[in-house]
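Remember, predicted model here, so these are calculated numbers, not experimental data.
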Amino acid sequence: MNDELKAAALASTVDYQADAVVSKTILKKGTGTVTLFAFDEGQGLSEHTAPFDAMVQVLDGEVEITISGSPFHLKQGEYIVMPANQPHALKGIKRFKMMLTMIRS
């Protein structure tokens, strides 16, 4: 059996830190990445674009995600797809954790 195989709870794989954004890449391949994030309350990512579609799944807390000027309020268990080349930004309403899946093809 492969010693690297293990099961884990997504939300407990990354921890909150005061006034910070913490990230942990759990899968990185040429075709895409899966990254976990923990954002303290009020923390976020400023508006930017990405050349590929990306899916955000909220694992804990609440976040406002703005895509092309339209705000979306997401809570634990909800997800949204951010289309390629569309400006988007994230801001924690409460501290939150998310999984970002980016597909490069």
Side-chain angles (χ1 to χ4, degrees):
M1 182 166 189
N2 186 337
D3 290 334
E4 293 180 27
L5 292 176
K6 65 179 179 177
L10 287 173
S12 64
T13 302
V14 63
D15 295 319
Y16 292 112
Q17 290 185 15
D19 301 317
V21 176
V22 178
S23 67
K24 181 176 183 177
T25 300
I26 58 174
L27 185 62
K28 185 175 183 180
K29 301 287 183 178
T31 54
T33 58
V34 177
T35 307
L36 300 178
F37 289 86
F39 292 76
D40 198 14
E41 184 173 343
Q43 296 295 310
L45 297 176
S46 60
E47 187 174 76
H48 62 283
T49 60
F52 308 105
D53 289 343
M55 183 180 80
V56 169
Q57 180 181 357
V58 180
L59 305 173
D60 185 42
E62 296 180 39
V63 59
E64 182 176 272
I65 299 177
T66 303
I67 303 172
S68 296
S70 297
F72 299 89
H73 183 140
L74 282 80
K75 297 178 182 179
Q76 180 179 357
E78 297 180 324
Y79 77 94
I80 194 165
V81 174
M82 300 181 299
N85 302 310
Q86 297 295 313
H88 54 272
L90 297 87
K91 182 160 184 169
I93 297 168
K94 297 181 178 179
R95 63 185 197 165
F96 74 99
K97 294 181 181 182
M98 69 178 210
M99 180 171 61
L100 177 69
T101 303
M102 185 175 293
I103 306 298
R104 299 181 192 269
S105 59

Within the structure provided, determine whether [X] and [Y] are in side-chain contact (heavy-atom separation under 4.5 Å).
X	Y	value
Arg104	Thr31	no
Met55	Met82	no
Ile93	Val63	no
Gln76	Glu78	no
Glu41	Phe96	no
Ile65	Val56	yes

Rounded distance (nearest 0.5 Å) linking atom [atom1] of [X] with atom [atom2] of [Y]:
X	Y	atom1	atom2	result
Glu64	His73	CD	NE2	8.0 Å
Gln43	Leu90	CD	CG	12.0 Å
Lys94	Asp60	NZ	CG	10.0 Å

Consider only side-chain heavy atoms of I, L, V, M, F, W and Y, link residues closer than 4.5 Å, and tell whether [X] and [Y] are in one cluster.
X	Y	value
Leu100	Leu59	no
Met102	Leu27	no
Val14	Val34	yes
Ile67	Leu45	yes

Does atom CZ of Phe72 have more than 12 heavy-atom neighbours, drawn from other residues, nucleotides or ligands, at distances under 6.0 Å? yes
Around atom CD of Gln17, are there more than 12 heavy atoms from other residues, nucleotides or ligands closer than 6.0 Å? no
Begin from the C-alpha positions of Asp40 and Val21 and carry the test side chain to side chain contact (heavy atoms under 4.5 Å, CB included) through to its verdict. CA-CA 6 Å; Asp40 198 14; Val21 176; over 6 Å; no
Could you check Arg95, Lys91, Met98 and say which one makes a side-chain contact (heavy atoms from CB on, under 4.5 Å) with Phe39? Met98
Quick check: does any side chain N or O of Asp53 sit under 3.5 Å from a backbone N or O of Pro83, one acting as donor and the other as acceptor? no
Is the backbone N or O of Ser46 less than 3.5 Å from a side-chain atom of His48, with the two atoms forming a donor-acceptor pair by type? yes
Just jot down the side chain to side chain donor-acceptor pair (under 3.5 Å) partners of Thr101, sequence neighbours excluded, or say none. none
Gly61 and Val58 have their tightest heavy-atom pair at O-CG1, 3.7 Å
Over all heavy atoms of both residues, which pair between Ala84 and Pro51 is shortest? Give the atoms and the distance, please. CB-O, 3.6 Å
Who pairs with Thr13 by side-chain contact (heavy atoms from CB on, under 4.5 Å), at least two apart in sequence or on another chain? Ala8, Lys24, Ile26, Leu36
Please tell me whether His88 and Glu47 have a donor and an acceptor in their side chains that are separated by less than 3.5 angstrom. no
